[in-house]
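See structure below.
Residue numbers start at 1 and run along the sequence shown. All values below come from the heavy atoms of this structure, side chains included, with hydrogens, waters and symmetry mates left out.
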Amino acid sequence: MKGYILTIFETIPTELTVREHPITVLVGLGMFLSFVLISLAKLLQSDVYTVLLKSFFKGKQLFLYLKESFPVFKGSSLLLFVNYLLSFSILLYFVLSLPQFEMSHELFIVTLTPIVFLFFGIGSLLVGMLLTGEREVFATPILMKINGAQLLGLYSSILVFLWALGFMNKLLFVELCIWGIFTENILRIIRSFLFVLTAGVSWYYIIIYLCTLEILPLLVLYYYLAIDFSF
């Protein structure tokens, strides 16, 4: 026991070292605001995270489930939506700040990407709704998109805090980022596919939509991250 304690003391550094990924004041404020948002969401609805996780696996019942347990435009749901925009931006900032990427317009990219990532899909679905008049067929996939973004925002907050505290190396951090983004999107795409298929939409139109507006952006993102980062 005495030898074990001595070993621990020997591994404690004798001086402070420069952080490998320093946190700016702006990023620190963003992290603090993210913590406030998810805390307020929990304060407003004690079971918010349980409800969010359950709703992510809902299909046909999602609309009614959210209406009764987790209204999209109220309280905790809005807070988690804002947290997605904030925490996902910070996550991208940390990734693009790594030497392997050497991005020159990080602030512009990290601010715009979460917005485009979410509203491009929602906008496409809304256009489809207006052109076809099929409100019920498009409403649930839109809710799935918002629901998935809220969950991704919570996941991003966790990764951001773990990375800032130095609990993981660069390789693990980037891998968790990629796997988190792709897992959320793939599961959501499968859910949307099954829903619209059972709603009677032709599989031909479903494949065209998925290939152009869902799968293609993911392939571009994966190619960009995987090529630029030295695994």
Side-chain angles (χ1 to χ4, degrees), residues 33-34 36-42 44-45 47-92 110-132 134-160 177 180-199 201 206 209-210 212-218 221:
L33 182 57
S34 175
V36 171
L37 289 171
I38 59 180
S39 298
L40 286 176
K42 176 70 173 178
L44 292 177
Q45 185 173 345
D47 61 343
V48 59
Y49 301 126
T50 302
V51 172
L52 177 62
L53 188 59
K54 288 182 179 179
S55 63
F56 185 73
F57 295 98
K58 294 287 183 181
K60 292 182 178 181
Q61 304 82 14
L62 179 63
F63 183 85
L64 292 177
Y65 183 78
L66 291 180
K67 184 178 180 180
E68 296 175 357
S69 305
F70 197 52
V72 175
F73 298 108
K74 292 184 179 180
S76 298
S77 182
L78 280 177
L79 290 174
L80 292 182
F81 183 78
V82 175
N83 179 67
Y84 156 76
L85 298 175
L86 179 62
S87 62
F88 196 34
S89 296
I90 298 174
L91 184 71
L92 291 176
V110 301
T111 303
L112 186 62
T113 299
I115 299 174
V116 174
F117 197 71
L118 177 62
F119 288 102
F120 177 73
I122 293 179
S124 302
L125 291 170
L126 287 174
V127 170
M129 180 190 298
L130 294 175
L131 292 177
T132 63
E134 296 290 342
R135 178 182 174 85
E136 295 183 2
V137 173
F138 287 93
T140 296
I142 291 175
L143 290 176
M144 289 179 178
K145 189 81 174 179
I146 297 174
N147 181 241
Q150 292 170 328
L151 190 61
L152 183 59
L154 187 61
Y155 178 80
S156 298
S157 295
I158 296 173
L159 274 187
V160 163
C177 290
I181 294 171
F182 277 82
T183 300
E184 183 277 321
N185 278 273
I186 294 301
L187 290 177
R188 180 181 50 78
I189 289 172
I190 294 174
R191 293 165 63 209
S192 300
F193 175 81
L194 294 176
F195 172 79
V196 296
L197 189 63
T198 54
V201 178
I206 298 174
Y209 167 77
L210 292 178
T212 55
L213 300 178
E214 294 285 4
I215 298 177
L216 182 59
L218 287 178
L221 179 63

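Distance OH/Y65 to CG/L143: 13.5 Å, rounded to 0.5 Å. The CG atom of N147 sits 11.5 Å away from atom OG1 of T140, with the distance rounded to the nearest 0.5 Å. Once rounded to the nearest 0.5 Å, the distance linking CD1 of I146 with CG of L78 reads 9.5 Å.
Side-chain contact between K58 and L66 is absent, with no heavy-atom pair separated by less than 4.5 Å. The side-chain heavy atoms of F81 and V72, taken from C-beta on, include no pair separated by under 4.5 Å. Between F63 and I142, every side-chain heavy-atom pair lies at or beyond the 4.5 Å cut-off.
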Determine all donor-acceptor pairs shorter than 3.5 Å in which one atom belongs to a side chain in residues 47-54; sequence neighbours excluded.
unit_1, atom_1, unit_2, atom_2, d
D47, OD1, Q45, NE2, 3.3
Y49, OH, I38, O, 2.4

Check the pair Y155 / L91 against side-chain contact (heavy atoms from CB on, under 4.5 Å), numbers first and verdict last.
-> CA-CA 10 Å; Y155 178 80; L91 184 71; 5.7 Å; no
Give the intermediate values and the outcome of side-chain contact (heavy atoms from CB on, under 4.5 Å) for residues M144 and F56.
-> CA-CA 7 Å; M144 289 179 178; F56 185 73; over 6 Å; no
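For the side chain to side chain contact (heavy atoms under 4.5 Å, CB included) test, residues two or more places apart in sequence or in another chain that qualify with L194 are I190. Not counting sequence neighbours, the partners of T183 by the side chain to side chain contact (heavy atoms under 4.5 Å, CB included) test are W179, L187. For L79, the side chain to side chain contact (heavy atoms under 4.5 Å, CB included) partners at least two apart in sequence or on another chain are L37, L40, A41, L44.
Across every non-hydrogen atom of N185 and I181, the tightest pair is ND2-O, 2.7 Å.
Of the possible polar contacts, none joining the S156 side chain to the S87 backbone as a donor-acceptor pair under 3.5 Å is found. In this structure a side-chain-to-backbone donor-acceptor pair under 3.5 Å is missing from R188 to K145.
Sorted by first then second residue, the side chain to side chain donor-acceptor pair (under 3.5 Å) pairs that include residues 66-85, not counting sequence neighbours, are S34-N83, S77-Q150, N83-S157.
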